Amino acid sequence: MNTEIIDIKKEYERALAAADEVLKRGDVAAIPTETVYGLAADALNEEAVKKIFAAKGRPADNPLIVHICDIKQLTALVEEVPEKAKQLAARFWPGPLTMIMKKSGLVSKTVSGGLDTVAVRMPFSPAARAIIERCSMPLAAPSANLSGSPSPTNAKYVFDDMNGRIPLIIDGGSCEIGVESTVISLAEEPPRLLRPGGVTLEEMTAVIGEITVDEAVLNRLAEGKKAASPGMKYKHYAPKADITIIKGSFEQFKELVTKDSAAALCFDGEGELLGCPYVEYGGKADAYSQSARLFSALRELDEIGARKVYARCPDTSGMGLAVYNRLIRAAGFKIIIA
Ligand code: TXA
Ligand code: MG
């Protein structure tokens, strides 16, 4: 299969028309969003949705997020919209927030991975919204990487993983947030945070009150334990390099990196002070710049051929929780307290 890339900033009309054609014929197109690129297909066409699973190599029990551009599309997808979902939608949609609710009969078990719930998100990205609006169908879309590798934050990374596997990639430039959306379940009370992301726990708590943080957010899932969010049980965000997080000061980090001849995943401005191969992933005190950089930094570590990598540990409050959640998975939960 030939994979075409169209830059939506340069060829707006042609990009929208091509995406519309591919999606309407029941095929898969990669599309930009503000978080990461998505692998999109008509959420209500089971054959089209199966092509997403095939292109990604995704296990069938790992459900997809359904993307909408208008709140009116939500009611058809779910049994009912809980009051707290309405409050969160009013405050954070469109944006990097995915809400899980009891699904309606319209949503197939293929989309929901066999669960009786469905995950729904209204993205903020103008390109994503224009594509959903044009084809006027809800779009099922997981991140556009091969199952297990880091989510792609630009069209080149999508192409690296999906060349020959899908017919179309819409290039919308780099994703500004850079990590996947926050996932919260409103199918239980109190609501449960399943994946931290661009809308923070603190911001949501201010709107709806108590939220349980699922143990898989910060910990490795215990052997044999059922994941609240199936995606959390799979190895994720993993570059080829072997990463270990170092908790401690910059001086302690420098000492360890040198002693063990590791490469460094460090904060902006630190690399040249280390005297070893390095990739920087944002400002030390700026979790938003870290999230925007993290996934491409992980891919760059592979590009420079890094094998053993020590990573600086981010702060875990606010947006930092999303960064830390991805980094501990990339590190296979390996942490050294310096
Ligand atoms: O930012 C994002 O969310 C991106 C863009 C493309 O929108 N999408 C994305 O999708 O990250 P994906 O499939 O890579 O991650 C969705 C996560 C998975 O961990 C999945 O298991 C979980 O959400 N999920 C989806 N539906 C669920 C459900 N009904 N119950 C529990 N977890 C669910
Ligand atoms: Mg993913």
Side-chain angles (χ1 to χ4, degrees), residues 28-41 43 49 52-53 55-69 77-79 92-104 107-125 127-129 131-132 138-153 157-158 161 170 172 175-188 191-199 214 216-217 221 226-238 291 295 322 325-326 329:
V28 176
I31 64 167
T33 85
E34 71 275 25
T35 56
V36 300
Y37 276 72
L39 215 50
V49 171
I52 297 178
F53 283 89
K56 252 186 96 82
R58 184 172 177 115
D61 69 349
N62 194 1
L64 308 179
I65 296 173
V66 178
H67 296 70
I68 59 175
C69 64
L77 299 170
V78 300
E79 212 167 71
F92 300 113
W93 274 4
L97 176 66
T98 295
M99 293 197 275
I100 292 171
M101 292 165 249
K102 284 258 177 314
K103 77 174 189 70
S104 73
V107 178
S108 70
K109 293 257 176 175
T110 308
V111 169
S112 74
L115 300 174
D116 59 1
T117 51
V118 62
V120 187
R121 171 160 110 85
M122 189 193 291
F124 174 78
S125 150
R129 298 172 61 73
I131 292 165
I132 304 169
L139 296 179
S143 51
N145 50 289
L146 284 172
S147 206
S149 59
S151 296
T153 51
Y157 293 150
V158 177
D161 277 16
I170 302 298
C175 304
E176 64 224 60
I177 294 177
V179 294
E180 309 85 344
S181 61
T182 302
V183 178
I184 185 172
S185 173
L186 295 139
E188 55 188 298
R192 179 182 295 265
L193 176 69
L194 299 178
R195 181 174 76 182
V199 173
D214 194 87
V217 167
L221 203 65
K226 194 164 173 286
S229 180
M232 290 205 244
K233 74 182 178 210
Y234 295 107
K235 189 165 186 232
H236 234 117
Y237 317 114
S291 75
F295 285 146
N325 169 272
R326 305 313 189 273
R329 280 170 172 72

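Remember, it's a predicted structure, so these values are computed and weren't measured experimentally. In each ligand, atom 1 is the first atom listed, and ligand 1 is the first ligand listed. Any value given below was found using the heavy atoms of this structure, including those in side chains, with hydrogens, waters and symmetry copies removed.
Taking 4.0 Å as the cut-off, A228 counts as a neighbour of ligand 1 on heavy-atom distance. For R58, the closest heavy-atom approach to ligand 1 falls below 4.0 Å.
Of all heavy-atom pairs spanning F92 and L97, the tightest one is CB-CD2, 3.9 Å. Contact between R195 and V217 at its shortest, heavy atoms only, is N-CG2, 4.4 Å.
Qualifying salt bridge (charged side-chain N to carboxylate O under 4.0 Å, His left out) partners for E176, counting only residues two or more places apart in sequence or in other chains: none. For P94, the side chain to side chain contact (heavy atoms under 4.5 Å, CB included) criterion is met by M122, F124, R129, not counting sequence neighbours.
The Mg ion (ligand 2) has an N, O or S atom of S143 closer than 2.8 Å.
In the candidate list E34, E180, R195, R195 is nearest to atom 15 (O) of ligand 1, counting heavy atoms. For the residues S229, P152, A119, S147, the heavy atom positioned nearest atom 23 (O) of ligand 1 is part of S229. By heavy-atom distance, the residue among A128, A141, G38 lying nearest atom 8 (N) of ligand 1 is A141.
Each of L146, L64, I52 was compared with R58 under the side-chain contact (heavy atoms from CB on, under 4.5 Å) criterion, and only L64 meets it.
Under 4.0 Å from ligand 1, not a single heavy atom of K103 appears.
With ligand atoms numbered from 1 in the order given, ligand 1 contributes 3 (O), 8 (N), 9 (C), 10 (O), 16 (C) to contacts under 4.0 Å with heavy atoms of I65. In summary, the atoms of ligand 1 found under 4.0 Å from a heavy atom of N62, numbered by their order in the structure, are 18 (C), 20 (C), 21 (O). Set against the non-hydrogen atoms of P63, the atoms of ligand 1 under 4.0 Å away are 20 (C), 21 (O), 24 (N), 25 (C), 26 (N), 27 (C), 28 (C), 33 (C). Close approach of ligand 1 to T117 is summarised as follows: ligand atoms under 4.0 Å from at least one heavy atom of the residue are 28 (C), 29 (N), 30 (N). Interface atoms of ligand 1 facing L115, defined by a heavy-atom separation under 4.0 Å, are 28 (C), 29 (N), 30 (N). Less than 4.0 angstrom separates some heavy atom of H67 from each of these atoms of ligand 1: 5 (C), 6 (C), 7 (O). For ligand 1, the atoms sitting less than 4.0 Å from at least one non-hydrogen atom of V36 are 4 (C), 6 (C), numbered in the order shown with element in parentheses.
Not a single N or O atom of S112, backbone or side chain, sits closer than 3.5 Å to an N or O atom of ligand 1. Distances between N or O atoms of S181 and those of ligand 1 include at least one value under 3.5 Å. Taking distance alone, with nitrogen or oxygen atoms compared against 3.5 Å, Y37 stays at or beyond that limit from ligand 1.
Between D161 and S149, the side chains place a donor N or O and an acceptor N or O closer than 3.5 Å (distance only, hydrogens not considered). Of the N and O atoms on the side chains of S151 and E180, at least one donor lies less than 3.5 Å from an acceptor on the other residue. Under the 3.5 Å distance criterion, with hydrogens and angles disregarded, a donor-acceptor pair is assigned to the side chains of S181 and T98.
Between R121 and E34 there is a salt bridge, since at least one side-chain N of the basic residue sits less than 4.0 Å from a carboxylate O of the acidic one.
At least one side-chain heavy atom of L77 sits under 4.5 Å from a side-chain heavy atom of I68. In this structure, Y157 and N145 have side chains that are not in contact, with every pair of non-hydrogen atoms separated by 4.5 Å or more.
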